[in-house]
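Here the structure is a predicted model, which means the values were calculated and not measured. Every number for a ligand or one of its atoms is a count from 1 in the order of the listing.
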Amino acid sequence: MAGGFVSQTPGVRNYNYKLTPKVFVTCFIGAFGGLIFGYDLGISGGVTSMEPFLEEFFPDVYKKMKNAHENEYCRFDSELLTLFTSSLYVAALVSSLFASTVTRVFGRKWSMFIGGFTFFIGSAFNGFAQNIAMLLIGRILLGFGVGFANQSVPVYLSEMAPPNLRGAFNNGFQVAIIFGIVVATIINYFTAQLKGNIGWRISLGLACVPAVMIMIGALVLPDTPNSLIERGYTEEAKKMLQSIRGTDEVDEEFQDLIDASEESKQVKHPWKNILLPRYRPQLIMTCFIPFFQQLTGINVITFYAPVLFQTLGFGSKASLLSAMVTGIIELLCTFVSVFTVDRFGRRVLFIQGGIQMLISQIAIGIMIGVKFGVAGTGNIGKSDANLVVALICIYVAGFAWSWGPLGWLVPSEISPLEIRSAAQAINVAVNMFFTFLVAQLFLTMLCHMKFGLFFFFAFFVFIMTIFMYLMLPETKNVPIEEMNRVWKAHWFWGRFIPDEAVNMGAAEMQQKSV
Ligand code: BGC
């Protein structure tokens, strides 16, 4: 048992608690939820660049890839191929909306379990796929799993974590996502060398491993005190709170959870209520954060790094290897966020990461523009190609400690209990919608916008960095059921929050506000 902590943020209540092994282990297992999403993100790009896979299901793309070398920007452009990648995100979008009800009514852990289970079935469909229909059905089931897991896991982690370490614990979700990506890329690297259809079957079928991990995890995990209270298990909730906080003196935090639950009972329709003016900051943020996260352009790298590296003239094996390197860099750099997010806060990371991504994207656009020109027919030398890879790594590092983890953390911690599940569902749905759009349009956009595509994403990174600077109040160390005070104290959002929503400390917070 590590030492005790007392929350220091002015204007919000101080809870007394210890960092217990129980909360640590619970959040560690809970974070497994990110593995299924990550595994899929990492596996798709590699599989869609495997020749036997293309030959089997997308013969036209295969032929085009083999023959068309005249325009590097358009080599892989195929609507059907991108539909394979992006169908999952549409399914995840829809299922996250259902997941919000399961998460609220039955508890967070059952949403995680359903997520693991549907993902498991999807992996079987994909691993044994005989035709394109099986492939697509499999992807849709995987998508259902991702929707449920992404809706419930970040909320679970944020509710379980002690307030002063909520950022670090919640970032475990992103660490698991990236870990899943890296493992998938490594698996692809080896399976791509196998002859015939066995390679892609192993890659797609192994998705069952993280699925089983999250299913077992969900079965052994306790539910959060917030959810237990919300569902009427008040006694159990208090015991749970005492055991995860490592002290019997949890009265203050417990009372805040009870108050939050009382308030949430007045709200019969979370979906309607989230539209009320008093929830405007949460509504805007849960729409804009995932929108911006995807408009960083990160998934161009996640999905298409092997394709992008091939466009830069790397061989197929070297491309998969480079994708592996960017994944490992992303994983390591996510820990920068884990260790700093509760100390320096969310705003510093968003702004620093944004500036780093902006500069590197502009540099990548210029390099590719100079080398391939508008016609896309040039050639890039080895040292220049390496420089582009280095710039991509700098960009990925910036994302890894800012928009990556914080894109999941902040939406999960800013909403009061009564709208939390609905808000998180909106977060996932918007995230999946734009993931879908980027996945679906990237190859066509690359074909038409050429190197300008990097400037397109850089433009959005510029806008989002300014947006966060102006609109995001600092939420580090603030207990989750006390978040209203933070919004009330913000120079812009304060006007939407009625005084009754905040019963103490608002004036104090005002002085500290952004
Ligand atoms: C994003 C994904 C992205 C992943 C890895 C996540 O936070 O939501 O879209 O692929 O990070 O970079």
Which residue supplies the protein heavy atom nearest to [atom], what is that atom called, and how far is it?
{"atom": "atom 10 (O) of ligand 1", "result": "Asn299 OD1, 2.4 Å"}
{"atom": "atom 7 (O) of ligand 1", "result": "Gln174 OE1, 2.7 Å"}
{"atom": "atom 8 (O) of ligand 1", "result": "Gln293 OE1, 2.8 Å"}

Fill in: Salt-bridge present (Asp384, Lys371; N to O < 4.0 Å)
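Yes.
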
Item to complete: Salt-bridge test for Glu159 and Arg166: reply yes if a basic N is under 4.0 Å from a carboxylate O, no otherwise.
Response: no

Worksheet item: Just heavy atoms, cut-off under 4.0 Å: does Trp408 contact ligand 1 by side chain, backbone, both, or neither?
Response: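 Looking at Trp408 and ligand 1, just side chain atoms fall under 4.0 Å.
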
Discussion item. Regarding ligand 1, does Glu330 bring an N or O atom to under 3.5 Å of one of the ligand's N or O atoms?
Written reply: yes

Worksheet item: Going by distance only, is there an N or O of Gln294 that falls short of 3.5 Å from an N or O of ligand 1?
Response: yes

Item to complete: Not counting sequence neighbours, list each pair that qualifies as a ring pair (Phe, Tyr, Trp, His ring centres under 6.0 Å) and has a residue in residues 323-347.
Response: none

Would a line drawn from the ring center of [X] to the ring center of [Y] be shorter than 6.0 Å?
{"X": "Tyr89", "Y": "Phe433", "answer": "no"}
{"X": "Phe169", "Y": "Phe173", "answer": "no"}
{"X": "Phe179", "Y": "Tyr39", "answer": "no"}

Worksheet item: Would you say Met357 and Thr465 make side-chain contact, with heavy atoms under 4.5 Å?
Response: no

Worksheet item: Hey, is Phe399 one of the residues with a heavy atom under 4.0 angstrom from ligand 1?
Response: yes

Worksheet item: With a 4.0 Å cut-off on heavy atoms, is Gly407 touching ligand 1?
Response: no

Proximal atoms of ligand 1 relative to [X] (non-hydrogen, under 4.0 Å):
{"X": "Gly404", "result": "7 (O)"}
{"X": "Ile181", "result": "5 (C)"}
{"X": "Ile298", "result": "12 (O)"}

Practice prompt. Test Pro411 against every option in Val155, Ile426, Leu406, Asn427 by the side-chain contact (heavy atoms from CB on, under 4.5 Å) rule and name the one that passes.
Written response: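 Going through Val155, Ile426, Leu406, Asn427 one by one, the side-chain contact (heavy atoms from CB on, under 4.5 Å) with Pro411 is satisfied by Asn427 alone.
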
